[in-house]
Amino acid sequence: FHAYGEGYPVTFLIMFGIAFLTGTLALKLKNQAKQSEMVAFRTKILFDTNQILQCARGREEIISKTGQQLRKLLGRNVIFYSVKDHELEKSKVFMMEDREWSEQQKLKKEKYVAEWVLKHRKRAGAGTGNFPGAECLYLTVGVNETVYGVLGISIEKKQLESFEKSILQAIIGECALALENEQITIEKEKAAILAKNEQLRSNLLRAISHDLRTPLTSITGYLELLSGKVEIPAEMQKKYIDIAYAKSKLYFFM
């Protein structure tokens, strides 16, 4: 540099310092704006998931909507194993367009980790102390002691951020509640059908009892007349016996 005046180097240093400070502040503001935008996006995903799951009907739709929202939130492949009778069912995979999933044989190895998570009710897989060599992080989806599924998140080379983990847990909670509500609805429908069948059975027994009571009362009356307490001519006795027999035949053998 060639300075034409004694004050030029000082001015240059001052301007350079101001420019550096301004650039640093601008970069910091840009990063903060980007971070705020990401937080807003993730919060919107959580809110949308809540609304979507409230409208979802059926176990398959709840699982599909949850997987799609998690894929959108995390930008990673997602796998969901639904649970039936304390056993893992066939998995449902939600893949990013620009990502690849493990080979089928590797998926089978990953399923072993999911089975361990179901059995022990603990998270396992990548980033944990249990099966850290797995490709995915596996977590249970359930309420209290009831597990409705096991969720796998592809970790690859980048671990989940703390904020991502908190949003992930919130969405898993929403999914578990939706699956529980679906199960309660199914049980209520079954209970209503059983109650309706029981009511029909009671009505049928009541109707049969009423139909039987009327002829039995009449037959009992004739039999009391024939019991010998009152003297009845033989002709009338035969007539009463014929009437009682006719009534019994009408109601019991028709």
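The residues of the chain are indexed from 1 along the displayed sequence. Note that these values count all heavy atoms, side chains included, but never hydrogens, waters or copies made by symmetry.
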Quiz prompt | side chain to side chain contact (heavy atoms under 4.5 Å, CB included) partner of V83, the single match among T140, V141, V147 | solution = V147
Self-check item: Distance (rounded to the nearest 0.5 Å) between L74 CG and L137 CG
Solution: 10.0 Å
Quiz item: side-chain hydrogen bond (donor to acceptor under 3.5 Å, both in side chains) with R201: which residues, sequence neighbours excluded?
Solution: E198
Exercise. Check G125 against V113 and note the closest heavy-atom contact, atom names and distance.
Key: N-CG1, 4.1 Å
Quiz prompt | Partner set under side-chain hydrogen bond (donor to acceptor under 3.5 Å, both in side chains) for E189, not counting sequence neighbours | solution = none
Quiz item: What pairs with E89 under side-chain hydrogen bond (donor to acceptor under 3.5 Å, both in side chains), at least two apart in sequence or on another chain?
Solution: S82
Quiz item: Given the rule that I, L, V, M, F, W and Y join up when any side-chain heavy atoms are under 4.5 Å apart, are I155 and F163 in one cluster?
Solution: yes
Quiz prompt | Working for side-chain contact (heavy atoms from CB on, under 4.5 Å), residues F94 and L70 | solution = CA-CA 9 Å; F94 305 89; L70 287 175; over 6 Å; no
Exercise. For A126 and A134, work out which heavy atoms get closest and say how close.
Key: CB-O, 3.4 Å
Self-check item: Residues that K44 engages under salt bridge (charged side-chain N to carboxylate O under 4.0 Å, His left out), provided they are two or more places apart
Solution: D48
Quiz prompt | Test ring-ring contact (aromatic ring centres under 6.0 Å, His included) applied to Y148 - qualifying residues, sequence neighbours left out | solution = none
Self-check item: Nearest atoms (heavy-atom pairs only) where K92 meets S64
Solution: CE-OG, 2.9 Å
Quiz prompt | side-chain contact (heavy atoms from CB on, under 4.5 Å) between Q68 and R71, worked out | solution = CA-CA 5 Å; Q68 292 167 10; R71 180 181 61 186; 4.0 Å; yes
Exercise. Check whether Y81 and V93 end up in the same hydrophobic cluster, where Ile, Leu, Val, Met, Phe, Trp and Tyr are linked by side-chain heavy atoms less than 4.5 Å apart.
Key: yes
Self-check item: Between CG on residue L53 and CD1 on residue I171, distance to nearest 0.5 Å
Solution: 8.5 Å
Quiz item: Can you list the residues that meet the salt bridge (charged side-chain N to carboxylate O under 4.0 Å, His left out) rule with E115, with sequence neighbours excluded?
Solution: none
Quiz item: So which residues get pulled into L25's cluster when ILVMFWY side chains under 4.5 Å apart are joined, directly or through others?
Solution: L21
Quiz item: Considering residues, nucleotides and ligands other than N197, do more than 12 of their heavy atoms fall under 6.0 Å from its CG?
Solution: yes
Quiz item: Could you state the interatomic distance from CD1 (I153) to NZ (K165), rounded to the nearest 0.5 Å?
Solution: 12.0 Å
Exercise. Mind checking side-chain hydrogen bond (donor to acceptor under 3.5 Å, both in side chains) for T49 and listing every partner two or more places apart, or none if nothing turns up?
Key: Q69
Practice problem: Taking all non-hydrogen atoms of both residues into account, name the closest pair between A124 and V117 and its distance. | Solution: CB-CG2, 3.6 Å
Quiz item: Same cluster or not: are Y112 and V150 linked, directly or through other Ile, Leu, Val, Met, Phe, Trp or Tyr residues, by side-chain heavy atoms under 4.5 angstrom apart?
Solution: yes
Self-check item: Intermediate values then yes/no, side-chain contact (heavy atoms from CB on, under 4.5 Å), T66 and L151
Solution: CA-CA 10 Å; T66 301; L151 182 71; 5.7 Å; no
Practice problem: Provide the full list of salt bridge (charged side-chain N to carboxylate O under 4.0 Å, His left out) pairs with a residue in residues 50-61, sequence neighbours left out, each pair given once. | Solution: none
Exercise. Identify the two heavy atoms, one from R76 and one from L160, that lie closest to each other, and give their separation to 0.1 Å.
Key: NE-CD2, 3.4 Å
Quiz item: Pairs in or reaching into residues 172-181: which pass side chain to side chain donor-acceptor pair (under 3.5 Å), with residues at least two apart or in two chains?
Solution: N50-E174
Practice problem: Could you tell me the separation between the NZ atom of K188 and the CD atom of Q183, rounded to the nearest 0.5 Å? | Solution: 12.5 Å
Exercise. Check whether any side-chain heavy atom of L179 sits under 4.5 Å from a side-chain heavy atom of T146, and report yes or no.
Key: no
Quiz item: What pairs with E164 under salt bridge (charged side-chain N to carboxylate O under 4.0 Å, His left out), at least two apart in sequence or on another chain?
Solution: R42
Quiz item: Where is the tightest heavy-atom contact between I62 and A56, given as atom of each residue plus distance?
Solution: CG1-CB, 3.8 Å
Exercise. Verify the cluster assignment for I52 and L177: are they in a single hydrophobic cluster under the rule of side-chain heavy atoms below 4.5 Å apart?
Key: no
Quiz prompt | Heavy-atom check, side chain of C136 versus side chain of E110, under 4.5 Å | solution = yes
Quiz item: Do Y138 and F131 have ring centroids that are under 6.0 Å from one another?
Solution: no
Quiz prompt | Residues in side-chain contact (heavy atoms from CB on, under 4.5 Å) contact with Q169, at least two apart in sequence or another chain | solution = R123, L139
